[in-house]
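Below, all heavy atoms of this structure are taken into account, side chains as well, without hydrogens, waters or symmetry copies. Quick note: residue numbers are just sequence positions, from 1. Everything numeric in this text was worked out from a predicted model, so none of it was measured.
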Amino acid sequence: MTHMLASTAIPLGLRRTTGVLFVIGAVAFAASASVLSATFDWPDILREPAAVVLPSFTAGGGSLVWTWLATAWTYAILAVPLLLLLTAIGRRDDPVLRVATAIGAASVLLALIGFLRWVFVVPPLAVSYDAGNLVTRAAVEAAWTAQHQFGGALLGEHLGQVLAIAWSVTVSIIIVRTRVLPLWLGVTGLVVSALYLLTQGDVLATAVPPFPVWDLAGLLGSSAWGLWIATLGVTLLLVRPPSQGRVTSDSD
């Protein structure tokens, strides 16, 4: 039996591109979200009733709609490096990471739907609420609650976030086990993912009011997860990939 060593090269250009896109996506989304927080009291306003949210949305005018659009599509940037990551770290044939990549891409899509509600669904509701009588406003409030719970709490905040956490946990475990990236990055990713998962208390409380909520979980969890994404990108840029090889055998 003869043995042949075949090296698996990691394309450095793709690795750098992946790192840059992770950093750009994280920074751009953080900037858009900061503007949204300053102008619309996001995310705290998400838990307010329609009678508070819709007038505030109308007061924000067209600039608020554009801010939501920017927030949505800057987050969507993450889908590209997320899809490239398994090749960028030399794990293109890893079945676990391939599944995790599909899950991560799905999480971005669900979050995008949640964000884009504010561009395509909420504006006409806000107009109807502002111009309507008591009966119309009651109907709009019901419609608001239905779309907010489905498109926001269910799709964007619950499924979108849980799937994103599943992706980051899987990537972190692979880092810890294989050292394709520094160990500290994998360990930090696990801690950050656990912290981000605590934000689900606030989401679940919208359906089960007694569910316990940690008020700081949303701010700390989402901020820490975004910082980890940016750190992942910087690490891809600065840390050289380990030399890799695989042994194949041919029978005589």
Side-chain angles (χ1 to χ4, degrees), residues 6-34 70-115 156 159-196 221-246:
S7 63
T8 303
I10 298 175
L12 292 179
L14 178 64
R15 185 180 175 98
R16 294 191 184 103
T17 298
T18 304
V20 167
L21 288 174
F22 269 127
V23 173
I24 290 175
V27 172
F29 176 75
S32 297
S34 296
T71 302
W73 286 109
T74 51
Y75 189 84
I77 292 172
L78 293 178
V80 179
L82 190 152
L83 291 170
L84 296 176
L85 180 63
L86 71 173
T87 302
I89 61 175
R91 306 286 297 184
R92 185 173 56 187
D93 297 325
D94 187 325
V96 174
L97 189 54
R98 289 169 74 94
V99 172
T101 298
I103 289 174
S107 77
V108 175
L109 177 61
L110 291 168
L112 184 62
I113 292 172
F115 286 130
L159 291 177
Q161 290 178 11
V162 168
L163 293 183
I165 291 167
W167 169 80
S168 59
V169 166
T170 304
V171 170
S172 297
I173 291 174
I174 287 174
I175 291 172
V176 170
R177 294 186 62 183
T178 67
R179 303 295 199 275
V180 291
L181 290 170
L183 175 63
W184 62 264
L185 183 66
V187 174
T188 304
L190 292 173
V191 173
V192 165
S193 297
L195 181 60
Y196 195 22
S222 59
S223 299
W225 194 83
L227 181 59
W228 183 79
I229 290 293
T231 304
L232 172 61
V234 172
T235 303
L236 287 169
L237 286 170
L238 299 181
V239 177
R240 294 183 61 84
S243 58
Q244 291 188 335
R246 70 178 186 273

Over all atoms of both residues, closest heavy-atom pair of [X] and [Y]:
X	Y	result
I103	A166	CG2-CB, 4.3 Å
T170	A100	CG2-CB, 3.6 Å
L195	G221	CG-CA, 3.9 Å
G25	I77	CA-CG2, 3.8 Å
G226	A26	O-CB, 3.8 Å
Y75	A111	CE2-CB, 3.5 Å

Output the distance between atom [atom1] ([X]) and atom [atom2] ([Y]), rounded to the nearest 0.5 Å.
X	Y	atom1	atom2	value
T101	L84	OG1	CG	10.0 Å
L78	L112	CG	CG	11.0 Å
R98	R92	CZ	CZ	8.5 Å
L227	S222	CG	OG	11.5 Å
S168	L82	OG	CG	10.0 Å
T74	I24	OG1	CD1	12.0 Å

Determine whether W184 and T231 make a side-chain contact, defined as any pair of heavy atoms from C-beta on separated by less than 4.5 Å.
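In contact.
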Answer yes or no: is there a side-chain heavy-atom contact under 4.5 Å between V171 and W228?
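Yes; the side chains approach each other to less than 4.5 Å.
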Could you tell me whether the side chain of T188 and the main chain of L185 form a donor-acceptor pair under 3.5 Å?
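Here the side-chain-to-backbone pair does not exist.
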Using residues 174-181 as the side-chain source, report each donor-acceptor pair under 3.5 Å to any protein atom, sequence neighbours left out, with the distance given to one decimal.
unit_1: T178; atom_1: OG1; unit_2: I174; atom_2: O; d: 2.6
unit_1: T178; atom_1: OG1; unit_2: V180; atom_2: N; d: 3.4
unit_1: R179; atom_1: NH1; unit_2: V176; atom_2: O; d: 2.2

Using only heavy-atom distances, determine whether the side chains of S107 and W167 contain a donor-acceptor pair under 3.5 Å.
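No, W167 and S107 have no side-chain donor paired with an acceptor closer than 3.5 Å.
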For V169 and Y196, run side chain to side chain contact (heavy atoms under 4.5 Å, CB included): C-alpha distance rounded to whole Å, both residues' side-chain angles, the deciding distance at 0.1 Å, then the answer.
CA-CA 11 Å; V169 166; Y196 195 22; over 6 Å; no
Let me have the donor-acceptor pairs involving side chains of residues 10-22, under 3.5 Å, with sequence neighbours excluded, atom names and distances please.
unit_1: R15; atom_1: NE; unit_2: L236; atom_2: O; d: 3.3
unit_1: R15; atom_1: NE; unit_2: V239; atom_2: O; d: 3.4
unit_1: R15; atom_1: NH1; unit_2: A88; atom_2: O; d: 3.3
unit_1: R15; atom_1: NH2; unit_2: V239; atom_2: O; d: 2.9
unit_1: T17; atom_1: OG1; unit_2: G13; atom_2: O; d: 2.9
unit_1: T18; atom_1: OG1; unit_2: L14; atom_2: O; d: 2.8

